[in-house]
Amino acid sequence: MDKTYDPKAIETRWYDYWESAGYFRPQHMDDSAEPFCIMLPPPNVTGTLHMGHAFNNTIMDSLTRYHRMRGYNTLWQPGTDHAGIATQMVVERQLQGENKSRHDLGREKFIERVWEWKQESGNTITTQLRRLGSSLDWSRERFTLNEDLSAAVQKVFIDLYNEGLIYRGKRLVNWDPVLHTAISDLEVLSEEEQGQLWHMKYPLADGSGHVIVATTRPETLLGDAAVAVHPDDERYQSIIGQSIRLPLTDRTIPVIADNYVDPEFGSGCVKITPAHDFNDYEVWNRHSHEAAIQALDNGGLINIFTIDAAMNDSVPEQYRGLDRFEARKRIVADLETAGLLEKTEAHKLMVPRGDRSNAVVEPYLTNQWYVKVAPLAEPAIQAVEDGRIRFVPENWSKTYFEWMRNIQDWCISRQLWWGHRIPAWYDAEENIYVGESEQAVRAQYKLGDDISLRRDEDVLDTWFSSALWPMSTLGWPQDTPEFRTFYPTSVLVTGFDIIFFWVARMIMMGLKFTGEVPFREVYIHGLVRDSEGQKMSKSKGNVLDPIDLIDGIDIDTLVKKRTSGLMQLQQADKIEKQTRKHFPDGINAYGTDSLRFTFASLAGPGRDIKFDIGRIEGYRNYCNKLWNASRYVMMSIEDQDTGLDESSPVELGLAEHWIIARLQQTEREVAQQLEHYRFDLAAQAIYEFTWDEYCDWYLELSKVTLTGDSSAAAQRGTRRTLVRVLEALLRLAHPIIPYITEELWQRVAPYAGIKDGETIMLQPYPQADESRIDATVLAAVEWVKAFILGVRRIRAEFNIAPGKPLPVRFTGGNAQEQSWLDEYRPYLTSLAKIESLEPWNESDEAATALAGDMTIAIPLAGLIDPQAELARLQKELDKYRNDRQRISAKLENSSFVDKAPAAVVDKERQRCNEIEAAIVKLEQQYERIESLN
RNA sequence: AGGCGUGUAGCUCAGCUGGUUAGAGCGCUACCUUGACAUGGUAGAGGUCGUUGGUUCGAGUCCAAUCACGCCUACCA
């Protein structure tokens with residue numbers, strides 16, 4: 001074996017081996033074993049792996065591997081979604097390079113082109129997921145636009161439409177003027193930006209004065225339908241019902257009264273632009289029956305924008321064709337000239353932008369399809385309330401309820417070409433026919449060939465198909481063995497940012513169409529951020545690529561990666577500086593296992609995961625430690641008898657019994673933590689057992705037996721324990737660090753008596769055997785450790801070379817300790833490097849330490865600096881005396897003795913006695929040293 | 001405005017249903033290349049658990065108030 005752990009050398013070959021051997025597939029397709037199933041949240045097909053994916057996958061793979069080893073019939077189902085807008089944008093950008101638009105190609109050719117792109121580039125992320133060691137069943141990979149998944153989408157649309165839960169309506173939507181499509185509320189990101197508030201004078205038509213209205217979007221003036229005041233506002237009673245001469249136009253609009261207006265804010269007058277503002281639209285709805293409103297063009301619903309958000313032909317000629325922001329400037333200037341601009345002030349406002357295009361979204365009046373969500377939400381709320389679905393951590397259910405109880409109808413149509421086309425047809429009178437195909441529609445509605453039908457041009461929101469993912473990937477609506485075996489799935493693992501987008505919608509759809517929840521548990525994990533807690537983003541230049549952490553990257557390449565393709569070029573310098581500061585030497589190749597162990601350790605209950613490079617370094621060191629421990633074990637057992645032959649005697653010593661007991665405790669702990677999704681604590685238990693118990697103590701203790709004059713049976717027992725505990729440890733750690741454990745296990749397992757072990761993946765997960773935990777053994781080793789540590793501390797304090805054998809004396813100690821001293825003498829002399837171990841006559845000049853009731857003394861004639869030693873003893877005494885005072889006060893408190901459980905009181909008493917004994921010994925030593933002075 | 005969350009060692013975080021002396025990793029200090037490992041070993045320094053009250057025999061842990069920070073949802077033109 002190599003002296004150092006090199007992930008590159010081992011990680012490349014195992015994945016192919018596992019995948020080609022079919023280990024990732026479910027073992028059964030029936031109910032002969034308990035099923036465990038996780039659906040991979042389908043990544044965007046245009047996507048590349050980011051830290052969130054890597055984190056998320058580490059958790060899912062750990063769960064999957066754990067359950068597989070536990071004997072569950074396990075399926076982790078992969079796939080990608082078609083990402084309507086994102087994918088269409090990618091291909092349109094390609095076309096742009098050829099100076100073409102999608103319209104030049106036409107719908108059919110364009111879609112062909114997208115499929116071609118998907119064929120070539122759509123597997124980037126699935127290739128990267130493999131690098132993470134993810135044990136996904138690739139033979140079942142799905143894509144939201146696959147035929148069977150599309151059939152599910154169509155069925156759901158048609159059924160919901162027939163039930164009246166999908167409808168078409170003309171309403172205000174969030175319109176992305178760059179992408180020319182409606183987007184849902186969730187795809188709009190509002191952020192505070194610096195803007196201005198313009199206060200404008202709106203003259204009354206009778207010339208008697210004016211009102212002041214303020215706006216952040218002056219261009220919408222051209223679409224105004226009214227000015228609203230509060231009905232009880234004394235100041236404006238007289239003008240309610242009067243007319244306003246709308247500036248820069250030849251229109252007049254009424255003053256109306258509505259409760260929506262806050263009289264305290266601004267002038268108390270609000271301009272109402274119903275076709276371009278959600279609140280104004282509501283106001284308009286309440287007043288649209290009024291004659292003055294009805295008299296306006298289109299009943300007051302005046303649309304002033306083209307699909308590009310340029311001014312359309314309904315506005316005065318001089319503004320037509322202007323972009324909205326250009327129009328804004330012109331209108332402000334014209335108002336100024338006309339003396340109608342009262343004032344302009346700086347104003348912070350929330351600006352809504354499309355999450356894909358980053359363009360300012362406009363409320364825009366269009367025909368769209370909607371899902372009526374409230375009836376679907378009700379059962380979905382119940383499913384969480386009554387525990388059929390459990391959120392972990394539980395608190396996220398509050399967020400879920402909050403949203404579900406205030407839910408809005410969902411706009412599902414998108415003005416795109418790439419996606420599931422809406423199965424609706426229109427006749428010349430705009431009557432709607434919904435069905436599987438034109439033919440089916442004609443048959444169903446008895447439409448003759450003389451009636452021409454035209455299909456709806458729009459496609460469905462990608463999330464509409466994602467909402468069906470747990471059902472559709474298992475074959476629903478067909479009654480398949482997969483669906484029968486694995487639905488409902490076991491757990492959904494995802495970040496909290498996606499609860500509304502996806503989790504809630506899956507629950508609604510699952511319940512609606514299968515009557516069953518789609519998953520029984522939802523594990524919500526935190527979001528990965530950089531070491532300073534900042535969200536990782538391209539524009540901030542703080543993105544880490546998981547593949548770079550695995551393979552390593554030099555600093556120049558990293559800088560280039562972070563600074564290329566930036567929206568704002570002036571950021572580049574800052575990002576370069578920052579990057580060179582954080583990663584002066586680039587990033588080492590840490591390997592997949594180190595990355596996974598890091599993620600597992602970070603998977604605590606918090607919701608921000610700060611990723612610091614120091615952490616992964618530490619876990620790479622852990623892997624190296626495990627590697628070298630195995631190396632030592634292999635060196636100790638190769639060509640040696642490890643007690644596999646039952647006929648030769650095998651003897652286990654204290655160390656063996658101890659490490660076996662600690663292993664059982666660790667196994668219990670790890671399983672318990674994994675059951676509760678505490679990957680951090682499970683990882684910590686594995687880490688501590690490996691490093692602090694197995695390596696620091698057991699390997700050292702084993703050397704005493706193997707290199708000493710122990711019997712053949714004892715040596716056999718030690719070798720057998722070395723290899724068996726290691727073998728179990730590898731299985732224990734395998735779900736988190738699959739590669740290194742497989743690599744080591746392949747070497748080690750035969751010596752542990754495992755024959756024909758093809759892979760660690762399918763070995764049973766270690767189960768604790770409580771009967772092998774012996775409290776006396778644990779206590780004995782604790783005492784042995786205390787003894788050794790005592791000697792080491794004296795060495796360190798007096799600067800005695802660690803290798804120099806020392807004479808050690810002892811005195812006192814209870815009967816058990818005296819017998820331990822006798823029995824475990826070889827461990828003590830070897831690990832503490834003791835030259836001679838004899839009773840102490842208490843007169844020699846010596847430094848002392850305590851091991852339980854026993855005093856350890858190291859004669860150090862002439863070496864001791866009495867002043868320093870007295871100071872040290874004093875410090876220790878102070879600590880003990882403090883403790884004694886606190887505890888005896890407690891014990892003298894009758895209410896404590898009366899009310900606290902007896903066990904607690906007993907413990908305190910015992911502790912008090914121990915402290916008392918220690919103080920006595922320390923005082924004696926103090927006097928001895930003092931007398932030397 | 002409403003909802004959620006966080007505040008423990010220089011940094012990143014554990015601390016489960018309240019019970020001895022509050023832990024880990026990284027960083028720091030000193031010593032050590034000992035035959036698994038310097039991606040290592042040994043020893044050590046470092047915390048009045050945001051603040052103030054309360055419940056309790058006992059509070060980092062439960063309750064209330066308060067301060068600071070963060071996130072989400074909805075926004076006032």
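Please read all numbers here as calculations on a predicted model, not as lab measurements. Proteins come first, then strands; the chains are lettered A, B, ... in the order of their sequence lines, and each starts at number 1.
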Would you classify A:W691 as touching base, sugar-phosphate or nothing, given that sugar-phosphate means primed atoms plus P, OP1 and OP2, and contacts are heavy atoms under 4.0 Å?
-> sugar-phosphate

P gap between B:U17 and B:U61, integer Å | 13 Å

Under-4.0 Å side-chain N/O to phosphate OP1/OP2 contact, A:K833 with B:G41 = no

Gap in Å between the two P atoms, one belonging to B:A14 and one to B:C57, rounded | 32 Å

How long is the line joining CD1 of A:I212 and P of B:A77, in whole Å?
-> 17 Å

Check every strand shown and say whether A:C695 touches a base, only sugar-phosphate, or nothing at a heavy-atom separation below 4.0 Å.
-> base

Between B:C75 and B:G58 - C1' atom distance, rounded Å = 48 Å

Over how many whole Å does the gap from A:E402 atom CD to B:G5 atom P extend?
-> 12 Å

If you look at every strand shown and take non-hydrogen atoms under 4.0 Å, does A:P901 touch a base, only sugar-phosphate, or nothing?
-> base

With a 3.5 angstrom cut-off on both distances, give the Watson-Crick or G-U wobble partner of B:G70, or none if there isn't one.
-> B:C4

Quick one: the side chain of A:R615 and the base of B:C13, do they pair up donor-acceptor inside 3.5 Å?
-> no

At under 4.0 Å between heavy atoms, what does A:H199 touch on the DNA or RNA strands: base, sugar-phosphate, or nothing?
-> nothing

Of all the nucleotides listed (B:A36, B:C4, B:G19), which has the minimum atom distance to the side chain of A:K890?
-> B:G19

Out of B:C37, B:G44, B:G19, whichever nucleotide has its closest atom nearest the side chain of A:A900 = B:G19

C1' gap between B:A9 and B:G25, integer Å | 12 Å

Look at all strands and tell whether A:K610 reaches a base, only sugar-phosphate, or nothing, counting heavy atoms closer than 4.0 Å.
-> sugar-phosphate

Quick one: label A:S636 by what it contacts on the DNA or RNA (base, sugar-phosphate, nothing), any heavy atom closer than 4.0 Å.
-> nothing

Is it true that atom CD of A:E282 has more than 12 heavy atoms of other residues, nucleotides or ligands lying nearer than 6.0 Å?
-> yes

Picking from B:C57, B:C72, B:A36, which would you name as closest to the side chain of A:F500?
-> B:C72

How is A:K3 classified with respect to the nucleic acid when contacts are heavy atoms under 4.0 Å: base, sugar-phosphate, or nothing?
-> sugar-phosphate

With no angle test and no hydrogens, is the base of B:A36 tied to the side chain of A:E700 by a donor-acceptor pair under 3.5 Å?
-> yes

Which part of the nucleic acid, if any, lies within reach of A:L789 when heavy atoms closer than 4.0 Å are counted: base, sugar-phosphate only, or nothing?
-> sugar-phosphate

A:S636 and A:K703: side-chain donor and acceptor closer than 3.5 Å?
-> no

Mind checking A:M635 for me? I need base, sugar-phosphate or nothing, with any heavy atom below 4.0 Å counting as a touch.
-> sugar-phosphate

Would you mind telling me which of B:C57, B:C4, B:A77 lies closest to the side-chain atoms of A:N893?
-> B:C57

Minimum-distance nucleotide to A:E688 side chain [options: B:A24, B:A36, B:G40] | B:A24

Base paired to B:U61 (Watson-Crick or G-U; both N/O distances under 3.5 angstrom) | none

With sugar-phosphate meaning primed atoms plus P, OP1 and OP2, does A:L681 contact a base, only sugar-phosphate, or nothing at under 4.0 Å between heavy atoms?
-> sugar-phosphate

Give none if B:U17 has no partner; otherwise give the nucleotide forming a Watson-Crick or G-U wobble pair with it, both distances under 3.5 Å.
-> none

Quantified in whole Å, what is the C1' atom distance between nucleotide B:U8 and nucleotide B:A68?
-> 16 Å

Of all the choices, B:C57, B:G40, B:A77, which nucleotide is nearest to the side chain of A:N621 once you look at every atom?
-> B:G40

Touch class at under 4.0 angstrom, heavy-atom based, for A:T399 against every strand present | nothing

Quickly work out the A:R607 CZ to B:G70 C1' distance and round it to whole Å.
-> 8 Å

For A:Y5 and B:G40, give me the distance from atom OH to atom P, rounded to whole Å.
-> 14 Å

Which nucleotide in B:C57, B:U42, B:U20 has an atom nearest any side-chain atom of A:D696 = B:U42

Would you please confirm or rule out a distance under 4.0 Å between OP1 or OP2 of B:A74 and any side-chain N or O of A:N406?
-> no

Gap in Å between the two P atoms, one belonging to B:U55 and one to B:C71, rounded = 37 Å

Among B:C37, B:A24, B:A45, the one nearest A:N628 by side-chain distance = B:C37

Atom CD1 of A:I788 and atom C1' of B:G41: how far apart are they, to the nearest Å?
-> 15 Å

Touch check for A:K703, heavy atoms < 4.0 angstrom, all strands: base, sugar-phosphate only, or nothing?
-> base

When you compare B:A24 with B:C49, how far apart are their C1' atoms, in angstrom units rounded to a whole number?
-> 16 Å

Are the side chains of A:H525 and A:I609 in touch, meaning some heavy atoms are under 4.5 Å apart?
-> no

So what does A:D262 touch, heavy atoms closer than 4.0 Å: a base, only the sugar-phosphate, or nothing?
-> base

To the nearest angstrom, the CE-P distance between A:M350 and B:A77 comes to 10 Å

Write down the distance between NE2 (A:H676) and P (B:U17), rounded to a whole number of angstrom.
-> 11 Å

For A:E191, does the CD atom sit with more than 12 other heavy atoms under 6.0 Å from it, leaving out its own atoms?
-> no

Check: A:W691 ring centroid to A:Y687 ring centroid under 6.0 Å = yes

Minimal non-hydrogen separation, A:M350 against A:S190, with atom names | CE-O, 3.7 Å

Check every strand shown and say whether A:R620 touches a base, only sugar-phosphate, or nothing at a heavy-atom separation below 4.0 Å.
-> base

Pairing nucleotide - B:G40, Watson-Crick or G-U, each distance under 3.5 Å | B:C32

Do other residues, nucleotides or ligands put more than 12 heavy atoms under 6.0 Å from A:Q408 CD?
-> no

Look at the side-chain N and O atoms of A:R631 and state whether any lies under 4.0 Å from the OP1 or OP2 oxygen of B:U39.
-> no

Please report the C-alpha distance between A:Q640 and A:R719 in whole Å, then the side-chain angles of each, then the deciding distance to 0.1 Å, and finally whether the side chain to side chain donor-acceptor pair (under 3.5 Å) criterion is met.
-> CA-CA 8 Å; A:Q640 299 277 350; A:R719 287 196 203 96; 3.1 Å; yes

When the aromatic ring centroids of A:F611 and A:F599 are compared, is their separation below 6.0 Å?
-> yes

Say you pick atom P in B:G70 and the same atom in B:A77; how far apart are they, in whole Å?
-> 22 Å

